[in-house]
Number of protein chains: 2
Amino acid sequence: MAKQKKAELDLTTEEKIKEAAIVVFTKKGYGNARTRDIAEEAGINLALLNYYFRSKEKLFEIVMAERVGKLFSVLGPLLYDETTSLDEKLDRIVDNYITMLLEHPELPIFVLSEIRNSPEQLANRLNARQHLTESVFIKQLAEKRSDISPIHFLMSLLGMTLFPFIGKPVLQPLTGGEDHYKAMMEERKKLIPKWIKLILEEG
Amino acid sequence: MAKQKKAELDLTTEEKIKEAAIVVFTKKGYGNARTRDIAEEAGINLALLNYYFRSKEKLFEIVMAERVGKLFSVLGPLLYDETTSLDEKLDRIVDNYITMLLEHPELPIFVLSEIRNSPEQLANRLNARQHLTESVFIKQLAEKRSDISPIHFLMSLLGMTLFPFIGKPVLQPLTGGEDHYKAMMEERKKLIPKWIKLILEEG
DNA sequence: AAAATATTTAATCATTTGATTAAATATTTT
DNA sequence: AAAATATTTAATCAAATGATTAAATATTTT
């Protein structure tokens with residue numbers, strides 16, 4: 001392989017293919033996504049796609065691993081930060097998460113499609129069990145409210161945050177245009193922590 | 001076509017095929033689902049599947065329409081009930097919804113897969129806009145808290161309720177076995193209304 | 001310029017898969 | 001039993017699609 005050219009702002013061909021793969025995989029799902037579509041979306045041809053990534057499956061695995069990695073490179077450090085309070089963590093987790101999702105709104109549905117194919121693999125990648133038992137975030141939660149199940153708490157926090165992105169295709173028509181939708185998500189950055197803190201204070 | 005036999009508890013062949021279709025479509029996604037798999041799952045053969053439903057696409061449409069219908073036959077009447085208070089509605093909506101989802105846990109992911117294929121069609125089927133402007137539920141919400149955006153409110157309510165089912169493959173390993181997971185969902189029937197009411201009271 | 005690398009073009013393969021068909025067998029209904 | 005209906009078996013089609021190849025052209029690097 002090779003990777004030169006990178007003319008100014010342009011992406012490397014490898015990057016172009018990966019970006020195109022995400023677009024097409026997200027829109028069509030793995031099974032419906034055709035390598036020809038991906039090549040077209042990337043502005044290159046089928047032969048080159050296979051030249052770079054050998055197969056559709058390999059391309060998918062690479063792209064998925066990268067995205068899941070990005071997902072947790074944003075969240076991971078926040079969960080283990082010893083220097084911030086629980087309330088501060090809530091603010092930052094929701095803010096960073098939504099910011100990242102606004103930049104990559106396709107990510108939840110894309111990752112979700114992976115669930116079907118190999119759920120245990122995704123669970124392992126996410127290291128969920130470890131975060132649940134070892135993270136500072138969960139410990140701080142237990143200190144404050146030992147009576148609240150961390151899983152229930154997380155389901156609610158993640159549900160409130162992720163659901164608008166998962167259901168976007170159905171929800172957006174209700175809110176108005178794309179800009180309006182983004183504005184709502186910005187609002188949620190403040191709303192969700194505010195509401196979650198209510199649960200912590202009085203639930 | 002024909003539909004007799006229905007020996008005792010057994011399903012009609014047509015029903016068996018539809019049930020099998022849901023299982024396979026949910027597990028594999030539309031594109032990855034093979035009609036041969038569906039036939040095998042139903043315990044019949046490919047020729048018969050096409051004899052009954054003519055094509056894979058028709059089978060999918062029929063099955064999807066039925067499920068979406070079921071989804072809202074549960075929720076619809078509650079939203080428009082003039083005789084119950086907002087708090088009572090919250091209790092019942094969450095309870096009925098989770099009860100139904102426990103019986104059909106595959107439904108959210110199945111319906112979600114439809115989003116990709118034809119989001120506007122799903123939005124229309126759900127009549128979301130109408131419910132948002134005309135339902136008693138939303139009117140009661142506006143009376144109580146005109147300062148809370150109904151969409152934000154719904155995103156949170158639905159997110160808290162649906163997300164555990166969408167993310168089940170990843171979340172369940174964290175909670176223990178299937179029974180434990182169901183027990184958690186039963187707990188949520190009380191938790192979610194309790195937490196949502198906090199928002200209504202003090203958010 | 002020469003060499004190395006990247007990309008395209010175009011043709012072709014093999015496999016998968018949705019769909020169809022006809023004939024045989026089973027089951028239910030009349 | 002006869003007729004109608006349901007289901008299976010087995011073979012086959014045609015289209016879609018992932019993958020490969022070789023040769024031509026373009027671009028970058030040395």
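Given the structure is predicted, the values throughout are model-derived calculations rather than measurements. Reminder, nothing fancy here: chain letters follow the sequence lines and each chain counts from 1.
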Looking only at side-chain N and O atoms, does [X] come under 4.0 Å of OP1 or OP2 in [N]?
X     : N      : result
A:N45 : C:dT8  : yes
B:R34 : C:dT17 : yes
B:Y51 : D:dT5  : no
A:T35 : D:dA19 : no

At 4.0 Å (heavy atoms only), tell me whether B:A33 reaches a base, stays on the sugar-phosphate, or touches nothing.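 Sugar-phosphate: the residue B:A33, judged by heavy atoms under 4.0 Å, touches backbone atoms but no base.
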Within this structure, what is the [atom1]-to-[atom2] distance between [X] and [N], rounded to whole angstrom?
X     : N      : atom1 : atom2 : answer
B:L46 : C:dT20 : CG    : C1'   : 10 Å
B:N32 : D:dG18 : CG    : C1'   : 13 Å
B:R54 : C:dG18 : CZ    : C1'   : 12 Å
A:E40 : C:dT7  : CD    : P     : 18 Å
A:L48 : C:dT8  : CG    : C1'   : 8 Å
A:E57 : D:dA19 : CD    : P     : 8 Å
B:K56 : D:dA15 : NZ    : P     : 18 Å
B:I44 : D:dT9  : CD1   : C1'   : 13 Å

4.5 Å side-chain heavy-atom contact, [X] and [Y]:
X      : Y      : result
A:I98  : A:I192 : yes
B:V63  : B:F110 : yes
B:L141 : B:L200 : yes
A:E106 : A:H104 : yes

So what's [N] paired with, Watson-Crick or G-U wobble, going by both distances under 3.5 Å?
N      : answer
D:dT7  : C:dA24
C:dT16 : D:dA15
D:dT30 : C:dA1

Please step through side chain to side chain contact (heavy atoms under 4.5 Å, CB included) for the pair B:T84 and B:L78, ending with a clear verdict. CA-CA 9 Å; B:T84 53; B:L78 290 177; over 6 Å; no
On DNA chain D, compare the nucleotides closest to B:A47 and A:Y30; which residue's is nearer the 5' end?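 First, find each residue's nearest nucleotide; the 5'-ward one identifies B:A47.
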